[in-house]
2 protein chains.
Amino acid sequence: MATQPLTRNQILVLDALTGAEGPLSAYTILDKLRDHGFRAPLQVYRALDKLRELGLVHRLESLNAFVACTQPHDHHTDHGVTAFAICEDCGQVDEMHDAGIEERLSVLAGVRHFKTEKTTIEIRGHCQNCSAAE
Amino acid sequence: MATQPLTRNQILVLDALTGAEGPLSAYTILDKLRDHGFRAPLQVYRALDKLRELGLVHRLESLNAFVACTQPHDHHTDHGVTAFAICEDCGQVDEMHDAGIEERLSVLAGVRHFKTEKTTIEIRGHCQNCSAAE
DNA sequence: TGCCACACGTTATAGCATTACGCAATTGAT
DNA sequence: ATCAATTGCGTAATGCTATAACGTGTGGCA
């Protein structure tokens with residue numbers, strides 16, 4: 001159960017995401033990493049796949065983009081459903097967890113005998129800073 | 001406040017979605033409508049935009065695909081947040097509404113002074129039928 | 001009549017993701 | 001030691017999703 005170390009490519013992609021203000025598309029990451037030898041989209045997608053498996057990176061479906069996980073969790077444990085608040089002005093993403101929502105979702109699924117594999121919750125809107133500055 | 005009639009293109013796209021078993025991609029719709037004179041993606045996307053404005057069609061972000069709204073609601077009123085249960089086996093989509101979830105989401109946003117514009121909730125998994133037939 | 005708004009049609013292009021191929025390094029069992 | 005299986009890597013080509021930028025036609029209305 002030793003946690004395998006990240007490969008060079010995976011570290012580069014993760015660093016790019018961690019250093020960014022907001023979510024990045026795969027092709028934006030590719031451009032940022034050309035100087036480090038990246039030449040093809042697949043290099044990015046492969047690293048992203050692994051990082052997502054490890055819970056270090058999330059994909060934002062409504063944006064076709066990726067963010068580094070910002071929660072202080074132990075990444076080797078499942079930490080339930082994540083909801084994202086995405087600011088349409090500044091691009092900032094806030095990662096949220098809420099037991100109440102999980103509970104309701106679990107009920108909704110249960111009533112229908114639906115086996116949940118993965119849940120996506122994304123809230124688009126305007127963060128406090130950006131809605132203040134109108 | 002008379003509700004404008006749909007155009008020919010909009011009706012064709014809506015019918016395609018209504019007649020389908022599950023969600024359709026824009027390009028799948030395009031192919032289905034070639035016999036009716038459709039030749040370019042934009043014809044589909046423009047109709048979809050309008051239908052979504054009217055609340056007759058939903059976009060599934062995690063699938064890059066579209067479904068006809070199945071709820072018996074009055075479409076001219078906002079009917080809050082919709083959650084989708086999407087079966088990965090048969091493709092069927094179940095549209096759900098839940099006041100409890102809306103409440104929790106509203107609290108999460110409120111605490112952060114985040115102004116919500118649009119909320120996406122999509123649950124991927126296996127429906128009753130498909131998980132029975134294992 | 002002139003203006004405006006809107007739907008439409010066409011071409012081209014941009015943006016996102018995967019398939020398919022082959023090579024190299026690692027691991028682990030025989 | 002060697003073989004097989006696995007895993008990551010690199011490259012090229014392709015496919016899927018969505019929009020930009022044109023121009024046309026029509027209906028309402030001052």
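Note that these values count all heavy atoms, side chains included, but never hydrogens, waters or copies made by symmetry. So that the names make sense, note that chain A is the first sequence line, chain B the second, and so on, each numbered from 1.
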* Asked: Do A:Leu108 and A:Phe114 come close enough that some side-chain heavy atom pair is under 4.5 Å?
  -> no

* Asked: With side chains defined as the heavy atoms from C-beta onward, is the minimum distance between A:Val107 and B:Asp98 less than 4.5 Å?
  -> no

* Do other residues, nucleotides or ligands put more than 12 heavy atoms under 6.0 Å from the CD atom of B:Gln92? -> no

* **Over 12 foreign heavy atoms within 6.0 Å of CZ, B:Arg39** => no

* Structure fact -> A:Asp49 CG to D:dG8 C1', in whole Å, measures 13 Å

* Rounded to whole angstrom units, what separation is found between the CG atom of A:Leu48 and the C1' atom of D:dG8? -> 15 Å

* Measure from the side-chain N and O atoms of B:His97 to the backbone N and O of B:Val81, and report whether any donor-acceptor pair falls under 3.5 Å. =>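 Yes: the side chain of B:His97 pairs with the backbone of B:Val81.
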
* Hey, is the main chain of A:Thr70 close enough, under 3.5 Å, to the side chain of A:Glu95 for a donor-acceptor pair? -> yes

* Asked: If you measure from the Lys or Arg side-chain nitrogens to the Asp or Glu carboxylate oxygens, is any gap between B:Arg124 and B:Glu88 under 4.0 Å?
  ->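 Salt bridge present between B:Arg124 and B:Glu88.
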
* Asked: Is any NZ, NE, NH1 or NH2 atom of the basic residue among A:Asp31 and A:Arg34 found under 4.0 Å from an Asp or Glu carboxylate oxygen of the other?
  -> yes

* B:Arg59 side chain near D:dA18 phosphate (N/O to OP1/OP2, under 4.0 Å) ->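 Looking at the OP1 and OP2 atoms of D:dA18, one of them is under 4.0 Å from a side-chain N or O of B:Arg59.
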
* Given B:Glu61 and B:Thr120, is the side-chain hydrogen bond (donor to acceptor under 3.5 Å, both in side chains) satisfied, shown in steps? -> CA-CA 8 Å; B:Glu61 305 286 352; B:Thr120 300; 4.5 Å; no

* To do: Check each residue of residues 7-31 of chain B for a non-hydrogen atom within less than 4.0 Å of any atom in DNA chain D, then write out the ones that pass by number, or none.
  =>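 DNA chain D contact set from residues 7-31 of chain B: B:Ser25, B:Tyr27.
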
* Kindly state which residues belonging to residues 34-45 of chain A come within less than 4.0 angstrom of DNA chain D, counting heavy atoms of the residue only, listed by number. => A:Arg39, A:Ala40, A:Leu42, A:Gln43

* How far does CD1 of B:Ile86 sit from NZ of A:Lys118, to the nearest 0.5 angstrom? -> 11.0 Å

* chain A contact limits on DNA chain C, taken 5' to 3' with a cut-off of 4.0 angstrom to heavy atoms -> C:dC16 to C:dA20

